[in-house]
Protein chains: 2
Amino acid sequence: MLAQQAHDLPLARRPLAEARPQAKPVGLGPHQVLFHDARSEIYAQGETATALYQVEFGAVRVYRLLADGRRQITAFHVAGEVFGFEAEGQHRFFAEAVSNCAIRAYRLPIEPRAAAEILPVALESLVRAQQHLVVIGRQSADERVATFLLDMMARQGGRAQVELAMSRTDIGDYLGLTIETVSRILSRFKQRGIIRLPNARTVEILREPALRALCD
Amino acid sequence: MLAQQAHDLPLARRPLAEARPQAKPVGLGPHQVLFHDARSEIYAQGETATALYQVEFGAVRVYRLLADGRRQITAFHVAGEVFGFEAEGQHRFFAEAVSNCAIRAYRLPIEPRAAAEILPVALESLVRAQQHLVVIGRQSADERVATFLLDMMARQGGRAQVELAMSRTDIGDYLGLTIETVSRILSRFKQRGIIRLPNARTVEILREPALRALCD
DNA sequence: CGTAATGTTGACAAGGGTCAAGCTTAGTGG
DNA sequence: CCACTAAGCTTGACCCTTGTCAACATTACG
């Protein structure tokens with residue numbers, strides 16, 4: 001569909017001199033914080049996996065492309081979250097910065113004694129992916145968008161004012177919908193007084209219970 | 001939609017006297033092999049997680065139910081595969097025997113030194129779940145069924161004759177489709193000479209390339 | 001052999017996709 | 001500072017894929 005343009009961009013990676021940690025590092029030994037411009041690639045499908053990553057600030061999308069350009073975003077990651085597990089030697093997905101962001105990289109291989117520490121973190125990703133399977137596999141478009149908004153709200157501390165780091169296209173590719181459908185549903189929610197849209201990237205949730213009622 | 005009937009069944013769990021191992025045990029220390037009748041519950045959503053499980057023979061489905069009965073099967077597991085990771089203390093999904101099967105149970109908590117051993121196994125589940133997200137989120141019904149058949153074939157050693165342990169309903173709930181759609185697509189594949197259906201639970205793959213061409 | 005579970009097929013409806021036009025916003029350069 | 005452009009977003013009209021409902025066929029089971 002699109003989204004290939006990002007790969008044409010230069011991979012702007014410059015080490016961040018001295019980042020103040022906004023997320024607690026996992027106990028994985030030495031690491032390095034890298035700054036990524038929006039849209040820059042963190043790793044690509046097929047690449048040898050060299051690290052695990054933790055978002056310091058900003059947001060990241062992990063996705064796969066089909067031959068004809070269809071894209072499925074399997075996960076968004078925000079501050080504190082760890083990603084890059086999807087490898088056994090080789091990355092099976094692409095990871096890109098959604099917005100400007102800082103990423104802590106823990107070089108692989110991790111020592112066996114650190115495995116116990118990251119296992120629960122990996123399982124979190126697994127549970128998230130499986131939850132998302134339910135959303136995509138069995139929920140209607142309305143339900144998917146409602147679930148998405150509540151998830152974003154929860155990940156921003158539960159405040160009613162939710163800042164979306166990602167475009168409608170990203171949201172669609174995450175929810176298995178088209179950008180038109182996402183847009184229409186947000187408009188409908190707005191019209192029903194469930195949300196306000198101060199601007200395209202900000203959603204204010206006015207009637208959270210109405211969203212919850214939609215989620216299943 | 002349905003599928004709740006399974007919970008009404010007695011949980012027939014009887015220890016299997018002396019199972020010959022058909023799957024290599026993972027190095028997780030002491031374990032016990034249990035026999036499960038078809039449809040019996042292995043664990044339920046909300047239960048405290050007490051073990052990891054490895055399929056000895058037979059097949060298992062892991063799923064979640066929505067309030068209105070819609071069901072999403074997040075994974076099928078066959079001989080050798082390990083499941084039950086989706087917990088941090090509590091199971092987030094249901095697991096049931098699809099057919100009669102034997103399950104090796106490794107009591108939790110696992111020792112830290114075994115973590116390194118199961119991490120790659122957990123990551124396999126993660127990659128599988130993420131792949132499935134792509135299938136469900138971005139592929140058409142034809143493509144999903146084709147992908148499913150090829151996956152089943154691969155998991156049975158690549159032989160053209162594929163035995164389906166699960167019903168059409170299970171397949172539908174796994175692929176995010178209705179049973180009617182699954183049935184129709186199999187009929188269409190048959191009519192096009194891509195597969196043969198000696199009986200409802202057996203698929204003979206006649207033109208594998210045609211299926212591959214469909215997968216993306 | 002009879003009954004229930006499972007699978008198939010058809011007719012029809014609807015949710016969401018496609019295509020297209022127009023609007024808004026942000027970025028760029030004169 | 002404003003005009004121009006491009007990207008992103010919204011909205012409408014239409015259509016197609018898939019879901020729904022229903023009847024019937026087949027298989028498994030007691």
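Proteins get letters first, then strands, A, B, ... in listed order; numbering begins at 1 in each.
- Rounded to an integer number of Å, the gap from B:Leu186 CG to C:dT6 P is 17 Å.
- Within the 4.0 Å cut-off from OP1 or OP2 of D:dG19, at least one side-chain nitrogen or oxygen of B:Thr181 is found.
- Straight-line distance from the CZ atom of A:Arg184 to the C1' atom of C:dC19: 11 Å, rounded to whole Å.
- In this structure, of C:dG7, D:dT10, C:dT18, it is D:dT10 that holds the atom nearest to the side chain of A:Arg168.
- When distances are taken from the side chain of B:Arg201 to each of C:dG7, D:dC9, D:dG19, the shortest belongs to C:dG7.
- For B:Ala200, the side-chain atoms get nearest to C:dG7 when compared with the rest of D:dC21, C:dG7, C:dT18.
- Here D:dG19 is the nucleotide among C:dG17, D:dG19, D:dT11 with the atom lying nearest to any side-chain atom of B:Thr178.
- Residues B:Thr202 and B:Val162 fail the side-chain proximity criterion, which asks for heavy atoms closer than 4.5 Å.
- In this structure, the CG atom of B:Asp170 is 9 Å from the P atom of C:dT6, given to the nearest Å.
- The listed nucleotides are C:dT8, C:dG7, D:dT10; the one nearest the side chain of A:Ser183 is D:dT10.
- A cation-pi contact links A:Arg64 to A:Phe93, judged by a cut-off of 6.0 Å to the six-membered ring centre and 45° from its axis.
- For A:Ser187, whose side chain is taken as the heavy atoms from C-beta onward, the closest listed nucleotide among C:dG16, D:dG19, D:dT11 is D:dT11.
- In this structure, the CG atom of B:Leu197 is 14 Å from the C1' atom of C:dT6, given to the nearest Å.
- The CZ atom of B:Arg138 sits 16 Å away from the P atom of D:dT17 (whole-angstrom rounding).
- The residue A:Gly176 sits close only to the backbone: its heavy atoms come under 4.0 Å of sugar-phosphate atoms, none of a base.
- The existence of a salt bridge linking B:Glu56 and B:Arg104 is confirmed by a sub-4.0 Å separation between a basic side-chain nitrogen and an acidic carboxylate oxygen.
- Two residues, A:Ala141 and A:Asn199, neighbour DNA chain C, and the one matched to the more 5' nucleotide by heavy-atom proximity is A:Ala141.
- Comparing D:dG19, C:dG7, D:dT11 by their closest approach to the side chain of A:Glu180 singles out D:dT11.
- Atom CG of A:Asp142 is separated from atom P of C:dA14 by 16 Å (rounded to the nearest Å).
- The main-chain N or O of B:Val127 is never found under 3.5 Å from a side-chain atom of B:His132 such that the two would form a donor-acceptor pair.
- Per the geometry, CD belonging to A:Gln191 stands 14 Å off C1' belonging to D:dG12, to the nearest Å.
- Taking the ring centre of B:Phe76 as origin, the terminal cationic atom of B:Arg61 falls outside the region bounded by 6.0 Å and 45° from the ring axis.
- One can place CD1 of A:Ile185 at 18 Å from P of C:dA14, the figure rounded to the nearest angstrom.
- For B:Ile179, counting side-chain heavy atoms from C-beta on, the closest listed nucleotide (C:dG10, C:dG16, C:dT8) is C:dT8.
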